[in-house]
Trainee: 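Quick one: the structure is below, and I'll ask about it shortly.
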Amino acid sequence: MARTPLIAGNWKMHLSPAEGAALVTALVPAAAATTAEVLVCPTFIGLAAAANAAAGSRIQVGAQNCYWEPQGAFTGEISAALLKAAGLSHVLLGHSERRQYFGETDQTVNQRLVAALEVGLVPVLCIGETLAEREAGRLQEVLRQQVTGALAGLDAARLATLVVAYEPVWAIGTGVVATTAQAQEAHAFVRSLLVDQLGAAAAAAVRILYGGSVKPDNAAELMAQADIDGALVGGASLKADSFAAIIAAV
Ligand code: PEP
C-alpha cells in the first residue's frame, strides 16, 4: 500500500516564536517541492507564530503534547480541544522525554490519544526502547507493551489517522542512528503489532516514522526501507538547511 511519507520536526524546548516563524518561512519552498507531508511541532508558545507563518503553505503545525481533559482547573496544561481550536493538525504523544522526565506512562499516553482523536487531531504516537532494554533482548516486549497500552480500547475506525514514530531512545539526540536493518526490523515488528490490533488493511495504512539522529546524510537510506514512512526529526529540524535537505531526501 502506498503511504504518503511524513517528515516531522520536533523542536522540543527550542526557538522563540519569531525564530520559529522564520524557520517555517524558510522551509516553505522545500515543502512545496515534495509530495511528502511536512509537519513542525514548536513549543506551545511558538504554535501561533508558526501557524501564521505556515498559512497557505504545505507545512502543517502540531503540538508536542496535550492533556486529556477538555478544560478545567489543570494549571499549566493544554487540552487537545484547545489545540484543535487554535487550528493545529497534529500532536506528538508519549515522546521518550515525556516518559523519562515527566512520568508519562502507557496509560496516560492512551488517555491523551483518546482525547486527541476525539477532537480530530492526528496523533503521532512515539514508542521505543532504551539501550538497556535492547541489550537485555526485550525490544519486542517493550514495543508490544507500548503499542497495546497506548492503543487500548481503540479500534481501526477510531485509529484511522494514527501515525506511529519508532524512536529508539539510545538514538535520540545522541548522534547514534539505528542501522537501516535495525530500524526496518523494528518497524516491521511494530506493523505486525498494528495488524494484531487493527487488522491487516488498517495496519497497512498507518505511517510509521523513524526517529533518532536523522540527518540529511542518513535520511534517504532510512526512508527507502519498506516499513519506514518518514521521519521524526529533533536536532536537525531546527535549521532550515538540514531540515530542508531531509525533506528533499524523501
Ligand atoms: C526526537 O526528539 O524525536 C528526535 C528524534 O531527536 P534527534 O533527531 O535529535 O535525535
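We count ligands from 1, going down the list as the structure has it; atoms in each ligand are counted the same way.
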Trainee: Kindly work out whether a path of hydrophobic side-chain contacts (I/L/V/M/F/W/Y, heavy atoms less than 4.5 Å apart) joins V61 to V38.
Mentor: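 The answer is yes; both residues are in one hydrophobic cluster.
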
Trainee: Scan side-chain atoms only and decide if Q100 and S96 contain a donor-acceptor pair under the 3.5 Å cut-off.
Mentor: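 On atom types as modelled, these side chains do not qualify, holding no pair under 3.5 Å.
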
Trainee: Taking only non-hydrogen atoms of K215, do any sit less than 4.0 angstrom from ligand 1?
Mentor: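 So K215 does not count as touching ligand 1.
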
Trainee: The test is side chain to side chain contact (heavy atoms under 4.5 Å, CB included); show your working for I59 and L27 and say whether it passes.
Mentor: CA-CA 8 Å; I59 298 176; L27 291 169; 3.7 Å; yes

Trainee: At a 4.0 Å threshold, what atoms of ligand 1 neighbour a non-hydrogen atom of H95?
Mentor: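 Going through ligand 1 atom by atom, the ones under 4.0 Å from H95 are 1 (C), 2 (O), 3 (O).
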
Trainee: With rounding to the nearest 0.5 angstrom, report the CZ to CD distance, R112 to Q107.
Mentor: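 If we round to the nearest 0.5 Å, R112:CZ and Q107:CD are 11.0 Å apart.
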
Trainee: If you have a sec, work out which protein heavy atom is nearest atom 5 (C) of ligand 1 and how many Å separate them, to one decimal?
Mentor: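 Checked against all protein heavy atoms, atom 5 (C) of ligand 1 sits closest to E167 OE2, 3.0 Å.
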
Trainee: Report the nearest protein non-hydrogen atom to atom 10 (O) of ligand 1: residue, atom name, distance rounded to 0.1 Å.
Mentor: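 Nearest protein contact, heavy atoms only, for atom 10 (O) of ligand 1 is G173 N, 2.6 Å.
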
Trainee: Could you find the nearest protein heavy atom to atom 8 (O) of ligand 1 and give me its residue, atom name and distance?
Mentor: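 Residue, atom and distance for the closest contact: G234 N, 2.8 Å.
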
Trainee: Group every Ile, Leu, Val, Met, Phe, Trp and Tyr by side-chain heavy-atom contacts under 4.5 Å, then state whether L93 and L47 land in the same group.
Mentor: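 Yes, it is one cluster - the side chains of L93 and L47 are joined through contacts under 4.5 Å.
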
Trainee: With hydrophobic residues grouped by side-chain heavy-atom distances under 4.5 Å, do V206 and M223 end up in a single group?
Mentor: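 Per the 4.5 Å side-chain linkage, V206 and M223 are co-clustered.
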
Trainee: Between I172 and ligand 1, find which residue part has any heavy-atom pair under 4.0 Å and reply side chain, backbone, both or neither.
Mentor: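 It is both backbone and side chain that touch ligand 1.
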
Trainee: Considering non-hydrogen atoms of the protein only, which is the closest contact for atom 9 (O) of ligand 1, and what is the distance?
Mentor: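 Heavy-atom neighbour on the protein nearest atom 9 (O) of ligand 1: G235 N, 2.8 Å.
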
Trainee: As an exercise, identify every atom of ligand 1 less than 4.0 angstrom from a heavy atom of S213.
Mentor: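 Result: 7 (P), 8 (O), 10 (O).
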
Trainee: Looking at ligand 1, does any of its N/O atoms fall within less than 3.5 Å of an N/O of L232?
Mentor: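 The answer is no, given that L232 and ligand 1 share no N or O pair closer than 3.5 Å.
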
Trainee: Checking the N or O distance criterion of under 3.5 Å, is ligand 1 in contact with T174?
Mentor: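 By distance alone, the answer is no.
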
Trainee: I'd like to check L154 versus N110 (side-chain heavy atoms, cut-off strictly below 4.5 Å). Are they in contact?
Mentor: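 Yes, at least one pair of side-chain atoms sits under 4.5 Å.
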
Trainee: Enter the distance from D227:CG to R207:CZ here, rounded to the nearest 0.5 Å.
Mentor: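 D227 atom CG to R207 atom CZ measures 14.5 Å (nearest 0.5 Å).
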
Trainee: Any atoms of ligand 1 less than 4.0 Å from a non-hydrogen atom of K12? List them with their elements.
Mentor: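 Ligand 1 atoms under the 4.0 Å threshold to K12: 1 (C), 2 (O), 6 (O).
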
Trainee: Is the closest N or O pair between G211 and ligand 1 shorter than 3.5 Å?
Mentor: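 No - when backbone and side-chain N and O of G211 are compared with those of ligand 1, no distance drops under 3.5 Å.
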
Trainee: Find all atoms of ligand 1 within a distance of less than 4.0 Å from any non-hydrogen atom belonging to G212, and give their numbers and elements.
Mentor: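 This gives 5 (C), 10 (O) as the contact atoms.
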
Trainee: At under 4.0 Å between heavy atoms, is it the side chain or the backbone of A171 that contacts ligand 1, or both, or neither?
Mentor: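 The answer is the backbone of A171.
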
Trainee: Quick one: ring pair (Phe, Tyr, Trp, His ring centres under 6.0 Å) pairs with a partner in residues 152-171, sequence neighbours left out?
Mentor: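 Ring pair (Phe, Tyr, Trp, His ring centres under 6.0 Å) check on residues 152-171 returns Y166-H187.
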
